[in-house]
Novice: 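Here it is, the structure in full.
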2 protein chains.
Amino acid sequence: MASMKDVAEMAGVSISTVSRVINDTHPVDGKTRRAVEDAIRMINYRPNLLAAGLRSKSGNLIGLAVPDIAHHSFEEFIKYTEQSVREHKHGLIIGDTHSDPDAEAEFIDHLIRRNVDGIIFIRVSDQSRALDMLNETSIPYVVLDRALESGTVPTVTMDNFTAGRLAAEHLLGLGHSRIACLTGPLDVALCRERLNGFTQALSHAGHRLPDQWIFEGDFRFESGVRTVELLLKSKPRITALWAQNDLMAIGIIGGMIDHGLAVPRDMSVAGVDDIVTCRMVRPQLTTVSQPFEAMSRAAVQLLMRERSAGKRLTERIVIPTELVVRQSTAPPAERTGSPQLKTKKESL
Amino acid sequence: MASMKDVAEMAGVSISTVSRVINDTHPVDGKTRRAVEDAIRMINYRPNLLAAGLRSKSGNLIGLAVPDIAHHSFEEFIKYTEQSVREHKHGLIIGDTHSDPDAEAEFIDHLIRRNVDGIIFIRVSDQSRALDMLNETSIPYVVLDRALESGTVPTVTMDNFTAGRLAAEHLLGLGHSRIACLTGPLDVALCRERLNGFTQALSHAGHRLPDQWIFEGDFRFESGVRTVELLLKSKPRITALWAQNDLMAIGIIGGMIDHGLAVPRDMSVAGVDDIVTCRMVRPQLTTVSQPFEAMSRAAVQLLMRERSAGKRLTERIVIPTELVVRQSTAPPAERTGSPQLKTKKESL
DNA sequence: ATCGTTTGCGAAAACGATTTCCGAGTTCAG
DNA sequence: CTGAACTCGGAAATCGTTTTCGCAAACGAT
């Protein structure tokens, strides 16, 4: 591989000058500059990023820690983060933590050793060692999608409160009043936040959300399926359900179909995220969008700003969200006299 | 950050010895070794990967070039590749090429400058510049999932021929004889390979696959939806359809439901890949599995072997596949006298 | 005419590891 | 007892950049 030295020799200048031409870090005479550029092209020179990073203490890298790479709720974060990182002329190094603190710490250790310029966490846990490790360095980091309790960590989240409110208002608007909710793990702040928005909108409309209508899930498809079983057992006669993410909502739909029930006929279902799968299932899922691209961009930009500011910023960026109406929600069916109810195998 | 020098001083040895302890590259006396290890722990020393990589010409990195990070058919490749790479104590740097040769070349350039130890392509195109660039270096690479025409490139693929055969045999076994196929782009070798296995199994059973029953798609969900429109226009009276990937198969199911048709009642549908979405849609999709994990592991291992062999290997690894039967396939319905046919809005 | 300031460039010192070379002491076979 | 081989470890070169320092020439303002 050709090195700067080769370029310098070929162009008849010093190594320093070559570096200056490449990085535009100091004025260089037009003629000299052209000579260097020609030489670079001539011998197909590629600046070595390890050497540059070693000296300048910037690996030209961003790290991305994800709890599960193949999880549908994260794939778009990964995609847009990569895109944004690349626009900033950096590389993206990705690590799957499997939600395991040890794996996470190991990955962060690896990143530190690589002189990364910043790290993005998707859904780090509150008691993660990783953030402590990073606080001993000067490496900027951002937590995406999950605000932490401690207010000192920079985060980028969607407007979770409004998400809950939008879902509730949509269902209320269709005429529903007996509405249940399938939440994520309630020890996670964003779930409580979404739930707050949801209940507040309900109570504004004069409705309550009794505790028996709140189901706690784990954000995975199976949660939704299992919740249908619970519903069939307790038969709370609800007419609509809002799941706090799409995967669970799709699980609800699947579970209902498995029991001979139909959505939205027998129950309206809505979710959160607007993952691509929403358009693949039937009925297509009504949902509140997670602004994946805007959030990813904001996270990368925050990192870059933090780097150039040279100090930790503790911003909490909140990206607005909106409702996407599709097929899984409709006005509540009349409970009696409806002919199809008679042919149903089961009912809620 | 502490450096080797600090460790050496603290342990009262030379830098070389510290390096030898860390890399186990030369015998070191037990006492000295312990002194060094203590010092390392004491000052929380982390070897710098950039410095190490610069000198040893190994970035401890694997690059992964993907046409679309958020595409469901790839996400499991990404996940398992990351896992396998990490087991080999390397980092994974990921790039989305958007199937664009320029973006791809730019990413490869970036990787070369980082002294990566190997590169995995998912579905590189035949006329990609990237492979030429790499052939000028000594960096090993592997193409995952799509065998190239030119036999000199190391590849890891599933057994595409058998995939086609398994799909056909399954549908034949259920009693179908009028079976259509929705292929991927037919200029792609693996699609023809799958089709060959499919048609061969059909003809072994004494059936033909007429040209009008072969539809060419692009591996995306919308292809499936669109194909249903075509089927409704030409009404070929087929009873089963095999799509060459799950996304298109799920599109078929969606399109049929949109037209008041049901799967497998009105048509059996099968796919290829066994992505997680298969279990989320209703009916759950019968499919031929893509062995994501085995393929990813094989690709990473091939890279590592190539590195230690010190020369290009041109292996073509083929991983076996198997049929996964779920709900979207069933024996063909009787075409006449079937009561539900009368209530259908449309029919194939 | 003089004194700063800017422009333009080279020499050389980092950055933090690995690797080569070498030398001193031990062990062991013949 | 001797030479070869092995064990252990230090000094120094090296990887390919960036960055600091210094110097000379040109420039602009007083």
Side-chain angles (χ1 to χ4, degrees), chain A residues 1-37 39-40 43-61 89 91 109-110 112-117 137-138, chain B residues 1-37 39-40 43-61 89 91 109-110 112-117 137-138:
Chain A
M1 276 289 292
S3 78
M4 251 186 183
K5 200 172 147 212
D6 304 320
V7 177
E9 273 168 21
M10 162 150 276
V13 298
S14 75
I15 292 186
S16 336
T17 302
V18 178
S19 170
R20 291 195 261 256
V21 167
I22 290 177
N23 301 311
D24 236 349
T25 180
H26 204 75
V28 172
D29 188 74
K31 246 198 304 221
T32 331
R33 158 164 269 128
R34 229 161 306 118
V36 171
E37 282 166 348
I40 288 179
I43 60 180
N44 192 23
Y45 165 69
R46 283 187 247 261
N48 184 305
L49 286 172
L50 296 189
L54 173 60
R55 179 64 236 241
S56 67
K57 300 201 164 310
S58 147
N60 249 265
L61 266 179
K89 302 281 176 208
D109 187 81
H110 186 97
I112 294 175
R113 296 174 50 188
R114 238 179 240 294
N115 287 9
V116 293
D117 299 306
T137 73
S138 62
Chain B
M1 275 288 294
S3 77
M4 251 186 183
K5 199 171 148 211
D6 304 320
V7 177
E9 272 168 21
M10 162 149 277
V13 298
S14 75
I15 292 185
S16 336
T17 303
V18 178
S19 170
R20 292 197 260 255
V21 167
I22 290 177
N23 301 309
D24 236 348
T25 179
H26 202 73
V28 172
D29 188 73
K31 248 202 301 234
T32 330
R33 156 163 272 128
R34 228 161 306 117
V36 171
E37 282 166 349
I40 288 179
I43 60 180
N44 193 21
Y45 167 68
R46 283 186 247 260
N48 184 304
L49 286 172
L50 296 188
L54 173 60
R55 178 65 234 244
S56 67
K57 301 203 161 311
S58 148
N60 249 265
L61 266 179
K89 303 282 176 207
D109 187 81
H110 185 96
I112 294 175
R113 295 175 50 189
R114 236 179 241 294
N115 288 8
V116 291
D117 299 304
T137 74
S138 62

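Naming: A, B, ... by sequence-line order, numbering from 1 per chain.
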Novice: Quick one, B:T17 with B:S14, criterion side chain to side chain donor-acceptor pair (under 3.5 Å). Give me CA distance, side-chain angles, the key distance, then yes/no.
Specialist: CA-CA 5 Å; B:T17 303; B:S14 75; 3.3 Å; yes
Novice: Using whole Å, what does the distance between atom P of nucleotide C:dG16 and atom CZ of A:R114 come to?
Specialist: 17 Å
Novice: Would you confirm whether A:T32, through its side chain, and A:V28, through its main-chain N or O, come within 3.5 Å as a donor-acceptor pair?
Specialist: no
Novice: Using purine N1 to pyrimidine N3 plus N6-O4 or O6-N4 for Watson-Crick, or N1-O2 and O6-N3 for G-U wobble, both under 3.5 Å, which nucleotide pairs with D:dT30?
Specialist: C:dA1
Novice: Can you name the side chain to side chain donor-acceptor pair (under 3.5 Å) partners of B:D117, sequence neighbours left out?
Specialist: B:S58, B:H90, B:R307
Novice: Send over the distance from B:D6 CG to C:dA17 C1', rounded to a whole Å.
Specialist: 13 Å
Novice: Check the distance between C:dG16's P and B:L49's CG and give it to me in whole angstrom.
Specialist: 13 Å
Novice: Would you give the length of the straight line joining atom OG of B:S3 to atom CD1 of B:I43, rounded to the nearest 0.5 angstrom?
Specialist: 7.5 Å
Novice: Check this one for me: any side-chain N or O of B:S19 less than 4.0 Å away from OP1 or OP2 of C:dA17?
Specialist: no
Novice: What is the separation between atom CD1 on B:I40 and atom P on C:dA17, rounded to the nearest whole Å?
Specialist: 10 Å
Novice: Using a cut-off of 4.0 Å between protein heavy atoms and nucleotide atoms, how would you tag nucleotides 8-16 of chain D 5' to 3' with B, S and -?
Specialist: BBBBBBBBB
Novice: If you measure from NZ on B:K5 to CD1 on B:I15, what distance do you get to the nearest 0.5 Å?
Specialist: 7.0 Å
Novice: From A:I112 CD1 over to B:M1 CE, what is the distance, rounded to the nearest 0.5 angstrom?
Specialist: 7.0 Å
